[in-house]
Structure formats: structure tokens, C-alpha cells
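Report on the structure given below.
Letters go in sequence order (proteins before strands), and every chain restarts at 1.
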Amino acid sequence: MSASQSAVRSRAEAIKVSRTFDWMICFTLFFVVLGGYHIHYMLTGGDWDFWTDWKDRRLWVTVAPIVAITFPAAVQSQLWWRYRLPFGAVIAVLGLLLGEWINRYFNFWGWTYFPVNFCFPSQLIPGAILLDVILLLSNSMTLTAVVGGLAFGLIFYPGNWPVIAPLHVPVEYNGMVMTLADLQGYHYVRTGTPEYIRMVEKGTLRTFGKDVAPVSAFFSGFVSILIYFLWHFFGKWFGGTSFIKSI
Amino acid sequence: MAATTESVKADAAEAPLLNVKNMILGSLVYLVFYAWVRWYEGIYGWSAGLDSFAPEFETYWMNFLYIEIVMEVLTASVLWGYIWKTRDRKVMSITPREELRRHFTHWTWLVMYGWAIYFGASYFTEQDGTWHQTIVRDTDFTPSHIIEFYLSYPIYIITGGASFFYAKTRLPTYQEGIPLMYMVAVIGPFMILPNVGLNEWGHTFWFMEELFVAPLHYGFVFFGWAALGVMGVVNLEIQAISKLLKKDLA
């Protein structure tokens, strides 16, 4: 190919070409990351995300942020560190939520008839915004991991509070005290009904007060810090442009 | 038409850089086909898919499985074979404009890959969770699996393979060797299909329906991570396209 030849005929065409590629790249990146993130999330934290009666104050609060911070960290490692685009975490989480909402509506409700207010996904946007804002303001991977990772874990429960609170009010049913979410679970029996598989919230600390959710969130934030570091470097590796000579 | 493209024809220079019609048509093919598949699941999942020993299960689901497997092998052979057979043997001597046009065609393939991955890894995989937590399986070939494992996964594998072969056979960028992250982005999600072997083996041993997050499923998770290899593909492509446009955008 001749270096003197041009691929485009004018500057205007060059700009148009560049913008068109931007859209095609965004579409592909969004949906491929969505696919990878969703299969990861549904198979590492999915049950807690599927059903309101799994959304308890301990395991849901602990597990969901830890497994959710992975792809946002990896995508940030490319979008920010290569292109200075400060929305890697939010775009990854938006992808995941889009995939989940489409699924919960068309499949959980549309195919197997679980009402959407029993199987809506967890809210992850507040934590993603914090991750992006902290990275944008600090331009530091370490600060984002430590402050952002901790915040990602801590804000998960409050971020979900507006939607989950009405389902955590106590009710009395057949002489038992339970939450509305538990009651939903009894009416919509699945193989994964928590009581059936003994995945119920238990422990001793709750005896002394209402510390379960904050302590779980704190622990989740701690592990999220470590996971952020790990996945930042995974992301850097996945963004590599090297060639190998043979397979 | 010659089996092998020896050089770029002069009139090719006048073809549009991006064939938008092809891209929209391709996207619609996936969308309409999967909408039909979802309709089929909705109707015949409940009416014929609950008992694998029933005659109607054989009619509506096992026959679906046999047909799709044959179609997939045929499609992969014809499509990949065509792309390979019509490869450009003088790929390093194409004009910059032709190279740009091919990048657009390559990205049309990648857009289709994005679509196919979405339906396979997101839509039909999470759907499997709700189906199996509602309808306890009595076979490895459930209505959900026949669509998820043996239809939506092969479709993204075929699409990803076509995209990779297109890049390798027609773009100068990929003549340096084998792009590692492209391999990861295509082979990783491909490995989810062989991992079905582990999954089904485990399901024949243990009753696993209670937990979608059961460790038996972690093979899918591991290979799902490989989708992130698309970031490496994007980086490679941006480098190549920037090189082509740099002078005109300066």
C-alpha cells in the first residue's frame, strides 16, 4: 500500500467514518461485555439477584457487590486508562441491568410467570457511579480500588433500600412472623426456595441488634477492594494487542 | 468467479465504505429469528416440553435439536469455507481505501457477534435458570437446553469464527501473526460449548436445580470472562483505523 494514498476523500468524510466506527465499536463492546458480565454474574450471584426472598440482609449484601465489581473494574482499565472515558463502570453495569431486565420481563415473567416484583434485579448503579467519579477525580487506580471498592460494597444495600424496603416489612402468616418477600417465596415455590435449601439468614450477631446489613456491607466492601485490584489487571491483560506466531 | 480473489477490482473502489443495508438486514435476521424461537419456546415448552418420554417431546423438541445441529454444521462449513476459499492472497497490497472498506465489513461482522453473544450468553442463559427452577428436568435435552446450548451458543460461535476468519484473510492488520485477544474473544466463548459436557455430566450425578450459582457452573463463568478479549480487538482496530485516518483528521 502506498503511504501517499489516502483512505478517505476529504476531512469531512474522515470525520464521518470516524463517528460511524465509534457507533459500531460502542455497540459491539456494549453487547459483548453485557454477555460476558451477565453470564458471570448470574452464575456467581444469580440466585440472590433473581428472587426477593433471597435478597436478605446478610448473604445478598455480601455476595452481590463482590461478584459485581469485576467487569466494571476491567472495563475501566481500558476506557479510562486508554481513552480517558470516565464511564467504564456505569456502562458495564447498564449493560448487565439491561440484560437482566429484558430477561426478568420476557422470561421470568413471560415464560414461567413469576411476577416482576418478585424477580427484579439488584440495583448496582450507585456503586458504579461512585467508581467512575472516584477514578475521574483521582486518576488513581489505587484510590479507586480502596475508596471506590469499599464504597461499592457499602452503598449496595442503601442503594437497594427504596425498592426492597416494602418487601422487608414483617407480616404474620399462619402464626409465623416473616417478611413480605418470604411470603412471596412461599406462594411462588421453586427448586431454589431458600428454606428448602437451608439458605436462610442465620447467625448470632443479629441477636444483639440490627448490625447484620452494615457489617455484611463492610465485609463486602473489603473484599470488593481486593477484587477491584485483581480485575483491573485482568482488564489490562484483556486489552492487550499482542500477536502470537503459532497456536 | 474465481475461487480466490487475486487482487482488488477497480470497480470495488466505488462501492460504499459501509453497506448499511447489510448491517441492518443482518441484525434483523438475528432479532426476528430469535423472536420466533422465543415464541416457539412459549408455545411448545409448556405443551410438549415437560416430559421427555412423551411422544410430543420427540416431535417438537428432539426433532428441533436434530435439525438445528445439521443446519449449524452446514452453515459453519459453508460460511467459514467460503471466507477461507475467497481469501485475498495479496492482502498486503490493497489500497488504503479498500482497507478501510474491509474494516467496515469486519465491524459489521463484529456487530453481529455482539448481537449473537447477547442472545447466547445473556438472554437464553439466564432464561435457563428460571425454566429449570420451575420445571425439574428429566433429560439433558430440555427445551431450554436445546435452545441455549445447541442453538444460541453455536450461532455466536459461527458468527465469531466468521469475524475472525474475515479479519485474518482480508485485513493487513492481522497478517503479523495470530492476534491473541481476538483468539481469546472467540475461542473463550466457544469453550462454553464443550463445557456443556462437564455441566451435563454433573447434572446426571447430582440434583443441582436449587442453585444456579452451583460450582458445577463455574466453567461457564471462567470462559465467559474471555468475552473481555473484545477490548483487545477494539484496541487493535482503533490503532489500525487511526493509522488510516490520521493524516485526514489532523
With side chains defined as the heavy atoms from C-beta onward, is the minimum distance between B:Phe165 and B:Trp109 less than 4.5 Å? no
Taking atom types as modelled and ignoring hydrogens, do the side chains of B:Ser152 and B:Tyr123 form a donor-acceptor contact shorter than 3.5 angstrom? no
Select one option (side chain, backbone, both, neither) describing which atoms of B:Ile135 are under 4.5 Å from chain A's heavy atoms. neither
Okay, B:Thr108 and chain A: the region with an atom under 4.5 Å from a heavy atom over there is both
Less than 3.5 Å apart, any donor N or O on the side chain of A:Trp80 or A:Asn139 sitting next to an acceptor on the other? yes
For A:Glu13, is it the side chain, the backbone, both or neither that has a heavy atom under 4.5 Å from a heavy atom of chain B? side chain
Which of A:Lys245, A:His40, A:Glu100 touches chain B most, by non-hydrogen pairs under 4.5 Å: A:His40
So what's closer than 4.5 Å to chain A heavy atoms on B:Tyr218: side chain, backbone, both or neither? side chain
Determine, for B:Lys243 against B:Glu99, whether the closest basic-nitrogen to carboxylate-oxygen distance falls under 4.0 angstrom. no
Non-hydrogen atoms of chain B under 4.5 Å away: do they reach the side chain of A:Phe106, the backbone, both or neither? both
With A:Ser216 via side chain to side chain contact (heavy atoms under 4.5 Å, CB included) - residues at least two apart: A:Arg58, A:Val61, A:Thr62, A:Val212
Between A:Asp53 and A:Arg190, does any NZ, NE, NH1 or NH2 come within less than 4.0 Å of an OD or OE carboxylate oxygen? yes
Mind running side-chain hydrogen bond (donor to acceptor under 3.5 Å, both in side chains) on A:Asp182 and A:Thr179 for me, showing each step along the way? CA-CA 5 Å; A:Asp182 291 328; A:Thr179 66; 3.2 Å; yes
Looking at chain B, which one of A:Tyr188, A:Phe238, A:Trp111 has the largest number of heavy-atom pairs inside 4.5 Å, strictly under? A:Trp111
Mind ranking B:Leu228, B:Leu236, B:Leu180, B:Val136 by heavy-atom pairs under 4.5 Å with chain A and telling me who comes out on top? B:Leu228
Just to be sure I understand the criterion: a residue of residues 82-95 of chain A counts if one of its heavy atoms is under 4.5 Å from a heavy atom of chain B. Which ones qualify? A:Arg82, A:Tyr83
Engaged part of B:Glu237 at the chain A interface, taking heavy atoms whose separation is under 4.5 Å: neither
Is chain A contacted by the side chain of B:Leu100, its backbone, both, or neither, given a heavy-atom distance below 4.5 Å? both
Parallel, tilted or perpendicular: which one describes the rings of B:Trp225 and A:Trp231, with boundaries at 30° and 60°? perpendicular
Test side chain to side chain donor-acceptor pair (under 3.5 Å), reference B:Thr142, set B:His132, B:His203, B:Arg137, output is B:His132
Scored by heavy-atom pairs under 4.5 Å with chain A, the best of B:Val233, B:Val221, B:Leu18 is B:Val221
Residue part contacting chain B, namely of A:Thr70, when any heavy atom lies under 4.5 Å: neither
Under the ring-ring contact (aromatic ring centres under 6.0 Å, His included) rule, what do B:Trp115 and A:Phe31 come out as? Steps first, then yes or no, please. CA-CA 7 Å; B:Trp115 236 173; A:Phe31 280 100; 5.5 Å; yes
Please look at B:Val111 and chain A and tell me whether the side chain, the backbone, both or neither of the residue comes under 4.5 angstrom of a heavy atom of that chain. both
If you count heavy-atom pairs under 4.5 Å between each of A:Gly45, A:Ser10, A:Ser242 and chain B, which one has the most? A:Ser242
Among A:Leu79, A:Val67, A:Thr241, which has the most heavy-atom pairs under 4.5 Å with chain B? A:Thr241
Pick one of side chain, backbone, both or neither for A:Val17, based on which atoms fall under 4.5 Å of a heavy atom in chain B. both
Is a salt bridge present between B:Arg101 and B:Glu98, judged by a nitrogen-to-oxygen distance below 4.0 Å? yes
ring-ring contact (aromatic ring centres under 6.0 Å, His included) with A:Trp60: of A:Trp51, A:Trp54, A:Phe156, only one passes, and it is A:Phe156
Checking B:Ile241 against chain A: side chain, backbone, both or neither under 4.5 Å from a heavy atom? side chain
Kindly indicate, with the supporting measurements, whether the criterion ring-ring contact (aromatic ring centres under 6.0 Å, His included) is fulfilled by B:Phe220 and B:Phe149. CA-CA 11 Å; B:Phe220 295 123; B:Phe149 292 154; 5.8 Å; yes
Working note: B:Thr130 + A:Phe50, criterion side-chain contact (heavy atoms from CB on, under 4.5 Å); need CA distance, chi angles, decisive distance, verdict. CA-CA 9 Å; B:Thr130 191; A:Phe50 293 163; over 6 Å; no
Let me know if A:Phe108 has heavy atoms under 4.5 Å from chain B in its side chain, its backbone, both or neither. both
Minimum heavy-atom distance A:Gly149-A:Ser224, with the two atoms named: O-CB, 3.4 Å
Could you tell me which portion of A:Phe114 (side chain, backbone, both or neither) has an atom closer than 4.5 angstrom to a non-hydrogen atom of chain B? side chain
Looking at B:Lys168, I want to see if its NZ is surrounded by more than 12 non-hydrogen atoms of other residues, nucleotides or ligands under 6.0 Å. yes
Evaluate the ring planes of A:Trp109 and A:Tyr113, with Trp represented by its six-membered ring, and classify them as parallel (under 30°), tilted (30 to 60°) or perpendicular (over 60°). perpendicular
Can you tell which of A:Gly99, A:Ser77, A:Gly240 has the highest number of heavy-atom pairs within less than 4.5 Å of chain B? A:Gly240
Engaged part of B:Met23 at the chain A interface, taking heavy atoms whose separation is under 4.5 Å: side chain
Ranked by heavy-atom pairs below 4.5 Å to chain B, first place among A:Leu34, A:Ile25, A:Val63, A:Ile15 goes to A:Ile25
